[in-house]
Amino acid sequence: MNANNISILILLVLYNCRLEDSLSYKSLCQNIHYLSHPYQILIYNNCQTIKIPCDDSYSVVNAPENKMLTGAYNYALNEAINNNIKWLLLLDQDTFLSSEYFIELSQKIHQVTSDTGALLPIIDDGDKQISPVVITKFSGPFGRLRSYRVEDRDLKNFEYLSGINSATVLNTKAIKDIGGFSAEFPLDFLDYWYFFRLYQVGYKVQVLNSQLRHNLSIAQSYNPMGEDRYVQYLKARALWAHKTNVWVLITFKLRTLGQCFTQIFRKTERKFFIHTFKALFY
C-alpha cells in the first residue's frame with residue numbers, strides 16, 4: 001500500500017457479497033469525491049467462494065479463511081499504523097453513505113482534539129435510530145439504551161457513547177492504545193467492546209450531524225440468525241458481561257431471563273428459548 005500523505009484508510013469488509021452488489025461500495029463510489037482528505041480504500045473479502053480482482057482505485061485482500069471482523073479490522077489497523085495513517089473508517093457491506101457524511105467528516109477531522117477516539121454519524125434502521133446510543137457503566141448494553149441526540153452534548157460521568165461498526169471513524173492510535181481489536185470478540189459485541197475500552201482509557205467520541213441508513217439484521221428479530229448463529233451471539237454477549245463488572249453481569253442475567261419468558265410465548269422465536277435459558281449459566 002502506497003500511503004504517502006494518506007490520512008484515512010477506508011476498510012470495506014465483505015462476506016458472501018460481490019463488490020458490485022454492496023450498498024456501501026456503490027454509495028462510496030458515488031460520494032467519495034466529497035471527502036477532501038487523502039484516502040486509500042481497502043476491500044477485505046472474507047468469502048472464499050468469491051474472488052475480487054485488484055483495481056487501481058482500491059487494494060484487495062481475498063482472505064484464505066474467514067477471520068470475521070477482527071481479522072479484517074486488525075489487518076487494516078496494522079496497515080494504517082505502519083503507514084502513519086491516523087484514521088480508519090470501517091464499513092460493513094450494507095450502509096448507505098451520503099455526500100453530507102463525507103462533507104461533514106472532512107470538516108470535523110480538522111477540528112478534533114488528540115483525545116478523540118472516534119467519530120460517529122447518526123445511523124437509522126428504518127424509523128429507528130440504532131447508533132449512537134448512550135450506555136451506563138453499570139448496565140452496559142443490557143439496560144435501557146437511550147438514543148444519543150447531537151443536541152445532548154453533555155453526558156454524566158458514568159455514561160459513555162457506543163455505536164455500530166459501519167461508518168465509524170476510529171483514531172488508529174487510540175485503538176492501538178486499547179490493544180487493537182479484541183480476538184475474544186471476533187464478530188458480535190466487538191463494537192460494544194472497543195467503545196467501552198475507549199471510555200475506560202479516557203478517549204472521547206464525537207457525534208456527527210449526518211444521518212445514514214443501515215440494515216441491522218437483529219434490530220427487530222433474532223430469526224435471521226438461525227440457531228447456531230444465535231448461540232454464537234449469546235456467547236459473545238455473555239463474555240462481554242463477564243469482562244466488564246458485576247453490575248453489568250447482573251443486568252445481563254436479568255435481561256436474559258426476561259428474554260426467556262418472551263421467547264417461550266412468542267411462537268416465531270420459541271426455537272431460541274432453550275439456548276437463551278442455557279446462557280443464564282454461561
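For this chain, numbers begin at 1 and follow the sequence in order. Because the structure is a prediction, the values reported are computed rather than measured. For the numbers below, each heavy atom of this structure counts, side chains included, while hydrogens, waters and symmetry mates do not.
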Pair Arg146 + Glu159, salt bridge at N-O below 4.0 Å: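 Salt bridge flag = yes for Glu159 with Arg146.
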Are more than 12 heavy atoms, taken from residues, nucleotides or ligands other than [X], located less than 6.0 Å from that residue's [atom1] atom?
X	atom1	result
Lys108	NZ	yes
Phe158	CZ	yes
Asp228	CG	no
Lys67	NZ	no
Lys267	NZ	no
Phe273	CZ	yes
Lys176	NZ	no
Phe261	CZ	no

To the nearest 0.5 angstrom, please state how far the [atom1] atom of [X] sits from the [atom2] atom of [Y].
X	Y	atom1	atom2	answer
Ile50	Tyr15	CD1	OH	9.5 Å
Ser131	Phe195	OG	CZ	6.5 Å
Tyr282	Arg237	OH	CZ	9.5 Å
Asn165	Asp191	CG	CG	4.0 Å
Gln232	Leu187	CD	CG	5.5 Å
Ile122	Gln211	CD1	CD	5.0 Å

Donor-acceptor contact present, side-chain [X] to main-chain [Y], <3.5 Å:
X	Y	answer
Asp94	Leu23	no
Ser22	Arg18	no
Asn45	Cys47	yes

Option among Thr276, Thr268, Ile274 that satisfies the side chain to side chain contact (heavy atoms under 4.5 Å, CB included) test with Gln263: Thr276
Identified side chain to side chain contact (heavy atoms under 4.5 Å, CB included) partner of Leu89 from the options Ile41, Leu11, Ile10, Thr168: Ile10
Where Lys137 and Val248 come nearest, the two heavy atoms and their spacing: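 Lys137 and Val248 have their closest heavy atoms at O-CG2, 3.4 Å.
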Minimal non-hydrogen separation, Leu105 against Leu35, with atom names: CD2-CD1, 4.3 Å
Whether [X] and [Y] hold their rings parallel, tilted or perpendicular, with breakpoints at 30° and 60°:
X	Y	result
Phe281	Phe277	perpendicular
Tyr233	Phe189	tilted
Trp240	Trp193	perpendicular
His275	Tyr230	perpendicular

Cation-pi check, Arg255 onto Phe142 ring (under 6.0 Å, within 45° of axis): no
Co-membership, hydrophobic cluster, residues Tyr58 and Leu97, 4.5 Å side-chain: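 Same hydrophobic cluster.
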Transitive ILVMFWY side-chain link Tyr34 to Leu12, under 4.5 Å: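 Yes, Tyr34 connects to Leu12 through the hydrophobic network.
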